[in-house]
Peer 1: 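I have a structure I would like to understand better, so I am pasting it below and will then ask my questions one at a time.
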Amino acid sequence: MELKGKVAIVSGAAEGFGKAFAEVLLLKGCKVCLCDINAPLGQKTTGIFEQRFGKENAIFVTCDVTVAEQFADVFKKTKLEYGKIDIVVNNAGVANEKEWRQTIMVNLIGSMQGTELAVKYMSKENGGHGGVIINIGSATGFEPVFFMPAYAASKHGLIGFTRSWSVSKRNEANGLRFACLCPAFAETNLIRFTEGTTLSNSTAEALLKEIGVVKMSQVVESFMELLADESNNGAVLKLTLDDGAEYMYRDAR
Ligand SMILES: NC(=O)C1=CN([C@@H]2O[C@H](COP(=O)(O)OP(=O)(O)OC[C@H]3O[C@@H](n4cnc5c(N)ncnc54)[C@H](O)[C@@H]3O)[C@@H](O)[C@H]2O)C=CC1
Ligand SMILES: CCCCCC(=O)/C=C/C=C\C=C\C=C\[C@@H](O)[C@@H](O)CCCC(=O)O
């Protein structure tokens, strides 16, 4: 997929993976709408990108992905600013087992909302040009994780959701493809186990030591692989320190 001139939306882009995905897309010549619930940090990140890549190439929209109107506003503003949308990355996520409803709301419902909007805006039947939706899952989407049941459930759900959209003939005719990136632990704020993050911080920390932490550069490389390869419809790519990038599903059919 030629990325130069494409228009992308990245949720949860103030920091972590989302910031890194926005950065690589800008480096490849895309225009990017960064959105995040954290307005001060989102604006700061976008300001830095504007300086590096040009003011006309990045915008920030404050958005809680669990609030349908706010997410819809992100798509409206992006279309207005750049005239089209080609790439949507549903990345915003939290890991909070005490606030487990919120974990499901952000990781699963928020990503479903972003996918619905992407389909609406990018479908050829609606005047779009087709495009790609990358949902950010997790290695916890494939197996039981007793200390993060809600988080794991959200990621299991997101994999099923992404694969289900990918087998729709209508979506295919509309030029849409769907993929899911599923990293194991990676070095972001999400794995700094603050109060309420997991049911058992000590278990999580022990596991972290045992399975190690994937580098951000590996996460970005896998993200780019899913994006670049047009045959990646329905692909679910797992990324771990031990095994590297490994397709769990290549396509959903
Ligand atoms: N760091 C890790 O070990 C792994 C993370 N993931 C997933 O990657 C994605 C990104 O996570 P990280 O970059 O690690 O975390 P992070 O905590 O560094 O960044 C998450 C971003 O999402 C934003 N956000 C949170 N709730 C939001 C909401 N309701 N609406 C809009 N934005 C919201 C935050 O403000 C933050 O900027 C998440 O979906 C996470 O589940 C997947 C596998 C491993
Ligand atoms: C704060 C949580 C952030 C979650 C980040 C993420 O998405 C990545 C998770 C990566 C790997 C998870 C592996 C889980 C393994 C468990 O199923 C199990 O093997 C743990 C067993 C632990 C034990 O026996 O003590």
Side-chain angles (χ1 to χ4, degrees), residues 9-24 33-46 60-74 88-97 99-115 117 134-143 145 148 150-159 161-162 180-194 196-198 204-205 207-209 211-216 218-220 222-223 226 236-241 245 248:
I9 292 174
V10 182
S11 72
E15 63 179 325
F17 289 177
K19 179 181 175 184
F21 298 151
E23 182 181 33
V24 72
C33 173
L34 297 90
C35 66
D36 204 288
I37 196 169
N38 185 341
L41 191 56
Q43 276 152 2
K44 186 177 167 200
T45 299
T46 308
F60 176 74
V61 181
T62 306
C63 165
D64 179 342
V65 298
T66 70
V67 180
E69 302 74 38
Q70 290 186 19
F71 214 172
D73 193 44
V74 171
V88 173
V89 187
N90 288 302
N91 166 78
V94 294
N96 192 324
E97 294 299 325
E99 300 289 340
W100 58 266
R101 284 186 179 80
Q102 180 68 0
T103 295
I104 297 292
M105 281 302 290
V106 178
N107 300 2
L108 182 56
I109 311 285
S111 298
M112 290 169 71
Q113 185 70 54
T115 304
L117 285 160
I134 310 271
N135 290 330
I136 307 305
S138 157
T140 62
F142 304 107
E143 56 179 311
V145 188
M148 295 194 282
Y151 184 83
S154 73
K155 299 303 186 178
H156 273 75
L158 189 56
I159 291 168
F161 176 79
T162 309
C180 193
L181 176 61
C182 298
F185 290 114
E187 188 50 82
T188 71
N189 271 339
L190 199 80
I191 64 163
R192 299 202 179 107
F193 306 110
T194 49
T197 305
T198 63
E205 279 168 2
L207 183 66
L208 194 62
K209 278 206 185 88
I211 68 172
V213 175
V214 171
K215 285 202 186 87
M216 186 65 90
Q218 293 174 280
V219 177
V220 170
S222 293
F223 169 74
L226 283 178
V236 178
L237 188 59
K238 184 178 176 187
L239 176 64
T240 60
L241 199 58
M248 303 305 279

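In listed order, ligands and their atoms are each counted from 1. Residue numbers count from 1 along this sequence.
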Peer 1: Counting each atom of ligand 1 from 1 as listed, which ones have a heavy atom of Val94 under 4.0 Å away?
Peer 2: 25 (C), 26 (N)
Peer 1: If we ignore hydrogens and angles and just use 3.5 Å, is the side chain of Thr103 paired with the main-chain N or O of Asn96 as donor and acceptor?
Peer 2: yes
Peer 1: Taking N or O atoms only and a 3.5 Å limit, does Ser138 qualify as a polar contact for ligand 1?
Peer 2: no
Peer 1: Would you give the length of the straight line joining atom CD1 of Ile134 to atom OG of Ser222, rounded to the nearest 0.5 angstrom?
Peer 2: 11.0 Å
Peer 1: At a 4.0 Å cut-off, with the gap strictly under it, does some heavy atom of Gly137 reach an atom of ligand 1?
Peer 2: yes
Peer 1: Enumerate the atoms of ligand 1 whose separation from the nearest heavy atom of Gly93 is less than 4.0 angstrom.
Peer 2: 20 (C), 22 (O), 25 (C), 38 (C), 39 (O)
Peer 1: Select the closest option to atom 21 (C) of ligand 1 among Gly12, Ser11, Ala14, judged by heavy-atom distance.
Peer 2: Gly12
Peer 1: Please could you name the atoms of ligand 1 that Gly16 approaches to less than 4.0 Å, counting only its heavy atoms?
Peer 2: 13 (O), 18 (O)
Peer 1: What atoms of ligand 1 come within less than 4.0 Å of a heavy atom belonging to Ala184?
Peer 2: 3 (O), 43 (C), 44 (C)
Peer 1: Keeping Glu187 on the side-chain end and Met216 on the backbone end, is there a donor-acceptor pair under 3.5 Å?
Peer 2: no
Peer 1: Taking only residues two or more places apart in sequence, or in another chain, which ones meet Ala153 in a side chain to side chain contact (heavy atoms under 4.5 Å, CB included)?
Peer 2: Ile104
Peer 1: Which of the numbered atoms in ligand 1 are below 4.0 angstrom from a heavy atom of Cys63?
Peer 2: 30 (N), 31 (C)
Peer 1: Closer than 4.0 angstrom: is that true for some heavy atom of Ala20 and an atom of ligand 1?
Peer 2: no
Peer 1: What do you reckon, does Val106 have a nitrogen or oxygen under 3.5 Å from a nitrogen or oxygen of ligand 1?
Peer 2: no
Peer 1: Please check this pair: side chain of Ser154 against backbone of Tyr151, looking for a donor-acceptor N/O pair closer than 3.5 Å.
Peer 2: yes
Peer 1: Against heavy atoms of Phe185, which atoms of ligand 1 measure under 4.0 Å?
Peer 2: 3 (O)
Peer 1: With heavy-atom distances below 4.0 Å as the criterion, list the atoms of ligand 1 near Ile136.
Peer 2: 7 (C), 8 (O), 9 (C), 39 (O)
Peer 1: Donor-acceptor pair, distance only, cut-off 3.5 Å: does the side chain of Lys155 make one with the backbone of Ile136?
Peer 2: yes
Peer 1: Would a 4.5 Å heavy-atom cut-off, applied to side chains only, mark Leu208 and Ile191 as touching?
Peer 2: yes
Peer 1: Looking at side-chain heavy atoms only, is the closest gap between Thr162 and Val236 below 4.5 Å?
Peer 2: no
Peer 1: How far does CD of Gln102 sit from OG1 of Thr66, to the nearest 0.5 angstrom?
Peer 2: 5.5 Å
Peer 1: Does some non-hydrogen atom of Asn107 fall short of 4.0 Å from ligand 1?
Peer 2: no
Peer 1: Return yes if some donor-acceptor pair links the side-chain N/O of Gln70 with the main-chain N/O of Asp64 below 3.5 Å, else return no.
Peer 2: yes
Peer 1: Within ligand 1, which atoms have a heavy atom of Asp64 less than 4.0 Å away?
Peer 2: 28 (C), 29 (N), 30 (N)
Peer 1: Going by heavy-atom distance to atom 10 (C) of ligand 1, choose the closest among Leu181, Asn91, Leu239.
Peer 2: Asn91
Peer 1: Which pairs would a plain distance check flag for residues 10-20, meaning a side-chain donor or acceptor within less than 3.5 Å of a matching protein atom at least two apart in sequence or in another chain?
Peer 2:
| from | atom 1 | to | atom 2 | distance (Å) |
| --- | --- | --- | --- | --- |
| Ser11 | OG | Asn91 | N | 2.9 |
| Ser11 | OG | Ala92 | N | 3.0 |
| Glu15 | OE1 | Asn189 | ND2 | 2.7 |

Peer 1: Using a 4.5 Å cut-off on heavy atoms from C-beta on, say whether the side chain of Phe223 contacts that of Leu239.
Peer 2: no
Peer 1: Between the candidates Ala186, Pro183, Gly42, which shows the shortest non-hydrogen contact distance to atom 43 (C) of ligand 1?
Peer 2: Pro183
Peer 1: Out of Leu190, Val65, Thr103, whose heavy atom is nearest to atom 17 (O) of ligand 1?
Peer 2: Leu190
Peer 1: To which of Asn38, Asp36, Ile191 does the heavy atom nearest atom 35 (O) of ligand 1 belong?
Peer 2: Asp36
Peer 1: Can you tell me if Lys155 contacts ligand 1 (heavy atom of the residue under 4.0 Å from the ligand)?
Peer 2: yes
Peer 1: Backbone or side chain, does any N or O of Tyr151 fall under 3.5 Å from an N or O of ligand 1?
Peer 2: yes
